[in-house]
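To keep things clear, I will list the structure first and then write my remarks on it.
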Amino acid sequence: MKTPQKIGFVGLGKMGFPMARRLAGAGFALTVFDINRDVQQRFVSENRATAAGSLPEVAQNCELIITMLPDSKAVRAAILGEKTEDGLSVSMGPGTILVDMSSSAPLATRELGKQLAAKDIEMMDAPVSGGVPKACNGTLAIIVGGTQEVLECCRPVFEVMGDRIFFSGPLGSGHAVKALNNMLSAAGLVAAIEMLLVGRRFGVDPKVMNDILNASTGRNNSTENKIERYVLSRSFSSGFSLDLMVKDLDTAMELSRELEVPTIFSNCCRELCAAARQSLGKGLDHTDVARWFEGLAQIRLGD
Ligand code: NAD
């Protein structure tokens with residue numbers, strides 16, 4: 001199998017925009033689509049890429065199509081179409097490869113993969129970890145589910161966007177690992193916020209305490225990369241939304257229920273984050289969750 005050169009990219013959001021920009025910069029022939037036409041227009045005015053007028057138009061001329069959309073529902077709609085709108089699959093020929101790089105639900109991915117296989121379309125899941133800064137400089141971790149053969153043929157494409165590419169197993173396994181990782185990451189964030197609030201009430205400066213955690217066994221990705229930068233600074237600007245984080249926690253909990261593995265602690269974390277989102281409202285950064293815990297404790301971590 002040869003590495004595809006004509007690539008369609010659907011979803012130019014906070015992550016998709018810089019990922020697609022790297023593909024355009026690497027010389028792939030890129031066709032892009034986003035339902036937000038302003039963002040699509042901005043992309044083609046800043047990069048060497050063609051704007052498609054519709055989803056079927058993306059697929060007409062591409063050997064590989066990448067989706068980077070909010071969730072499985074959006075991915076399914078973009079591929080299979082909805083109500084009056086045709087999707088990508090209408091014009092995807094046999095042998096086309098579809099790679100879903102969104103953080104989607106693994107069971108839905110498996111189902112979609114079966115439907116596409118019936119049309120001789122190869123599907124892979126390749127969710128990413130690392131956030132907006134790593135999407136910008138091409139250092140994402142990419143977790144690939146599917147077949148080794150298709151991974152090897154797409155590897156040069158992945159290597160433009162990420163510097164660690166993992167094969168996790170059959171289709172859907174990348175999405176499973178990604179959701180489970182994000183559950184663990186959220187648990188680290190919530191635990192750090194709670195402990196910093198206790199420390200603050202005792203009279204310890206949160207910045208000093210966070211520095212101590214980072215030199216101690218309690219450190220995690222949030223203490224190292226999020227607390228000072230986004231919470232203590234009050235910028236709450238990581239680029240990963242609270243809405244998407246709660247979606248990922250729902251995905252992880254659905255999977256644990258489906259597989260009948262008890263996850264009582266994780267479920268508690270999911271409930272807290274979902275309550276925070278309910279109370280704070282939509283459209284916020286995931287680090288805004290700290291403000292909800294501050295409200296419960298009636299203490300602020302930053303000025
Ligand atoms: P986003 O909301 O910023 O972007 C989603 C984009 O998809 C938007 O531009 C939207 O207009 C577009 N879109 C929605 N439905 C569409 C459709 N049917 N057809 C075409 N375009 C459509 O989200 P994001 O932060 O870029 O995240 C994308 C995915 O990556 C999510 O699954 C998220 O969980 C995951 N992710 C995000 C981060 C992060 O730090 N933001 C990190 C890793 C993974």
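What's counted below: heavy atoms across the whole structure, side chains too, no hydrogens, waters or symmetry copies. Start at 1 and go down the list; that is how both ligands and their atoms are numbered.
Taking every non-hydrogen atom of Ser102 and a distance limit under 4.0 Å, the qualifying atoms of ligand 1 come out as 32 (O). In the vicinity of Val10, heavy-atom distances shorter than 4.0 Å reach the ligand 1 atoms 20 (C). The contact set between ligand 1 and Met68, taken as ligand atoms under 4.0 Å from a residue heavy atom, comprises 29 (C), 30 (O).
We find that Asp250 and Arg270 are joined by a salt bridge, their nearest charged nitrogen and carboxylate oxygen being less than 4.0 Å apart. A salt bridge does not link Glu254 with Arg257: none of the charged nitrogens is closer than 4.0 Å to a carboxylate oxygen.
Every N/O-N/O distance between Ala78 and ligand 1 stays at or above 3.5 Å. Residue Phe33 has no nitrogen or oxygen atom sitting less than 3.5 Å from a nitrogen or oxygen atom of ligand 1, judged on distance alone. Backbone and side-chain nitrogen or oxygen atoms of Ser129 are examined, and none is located within less than 3.5 angstrom of a nitrogen or oxygen of ligand 1. For ligand 1, none of its N or O atoms has an N or O atom of Asp71 under 3.5 Å away. Residue Gly131 has no nitrogen or oxygen atom sitting less than 3.5 Å from a nitrogen or oxygen atom of ligand 1, judged on distance alone.
At a 4.0 Å heavy-atom cut-off, ligand 1 touches Pro70 through backbone and side chain alike. With a heavy-atom cut-off of 4.0 Å, Met101 does not touch ligand 1 at all. By the criterion of a heavy-atom distance under 4.0 Å, the backbone of Leu12, and not its side chain, is placed next to ligand 1.
Put simply, Phe9 and Val132 are part of the same group of oily side chains (I, L, V, M, F, W, Y) that touch within less than 4.5 Å, one to the next.
Taking a 4.0 Å cut-off on heavy atoms, Gly239 registers as neighbouring ligand 1.
By the 6.0 Å contact criterion, CG on Leu259 is enclosed, its count of non-hydrogen atoms from other residues, nucleotides or ligands being greater than 12. The local environment of CZ in Arg48 is sparse, with at most 12 non-hydrogen atoms from other residues, nucleotides or ligands closer than 6.0 Å. The local environment of CZ in Arg110 is sparse, with at most 12 non-hydrogen atoms from other residues, nucleotides or ligands closer than 6.0 Å. Annotation for Gln115: atom CD counts as buried by contact number, over 12 foreign heavy atoms lying within 6.0 Å. More than 12 heavy atoms of other shown residues, nucleotides or ligands fall within 6.0 angstrom of atom CD in Glu46.
The only member of Phe236, Tyr230, Trp292, Phe240 that meets ring-ring contact (aromatic ring centres under 6.0 Å, His included) when paired with His286 is Phe240. For the side-chain contact (heavy atoms from CB on, under 4.5 Å) test with Phe158, the passing option among Ile66, Ile142, Val128 is Ile142; the others fail.
Among all protein heavy atoms, the one lying closest to atom 35 (C) of ligand 1 is Ser103 OG, 3.4 Å. Of the protein's non-hydrogen atoms, Leu244 CD1, 3.6 Å is the one closest to atom 33 (C) of ligand 1. Nearest protein neighbour of atom 38 (C) of ligand 1, counting heavy atoms only, is Met15 CG, 3.4 Å. Nearest protein neighbour of atom 19 (N) of ligand 1, counting heavy atoms only, is Ile35 CG2, 3.8 Å. Atom 34 (O) of ligand 1 has Lys247 NZ, 2.9 Å as its closest protein atom, hydrogens excluded (heavy atom only). Of the protein's non-hydrogen atoms, the one nearest atom 4 (O) of ligand 1 is Gly13 CA, 3.2 Å. Here the heavy atom of the protein found nearest to atom 40 (O) of ligand 1 is Phe240 CB, 3.3 Å. In this structure, the protein non-hydrogen atom closest to atom 28 (C) of ligand 1 is Leu69 O, 3.8 Å.
Under the 3.5 Å distance criterion, with hydrogens and angles disregarded, a donor-acceptor pair is assigned to the side chains of Asn214 and Thr223.
Shown here, atom 2 (O) of ligand 1 is out of close reach of the protein: none of its heavy atoms lies under 4.0 Å off.
Listed by chain and number, the hydrophobic cluster partners of Val10 are Phe33, Ile35, Leu55, Val58, Ile65, Leu69, Val75, Ile79, Leu80, Leu88, Met92, Leu98, Leu112, Leu116, Ile121, Met123, Leu171, where partners are ILVMFWY side chains within reach of under 4.5 Å, directly or through others.
Considering each of Val32, Asp34, Val132, Val58, the one bringing a non-hydrogen atom nearest atom 6 (C) of ligand 1 is Asp34.
The stretch residues 205-217 participates, sequence neighbours left out, in these salt bridge (charged side-chain N to carboxylate O under 4.0 Å, His left out) pairs: Lys207-Asp211, Lys207-Glu228.
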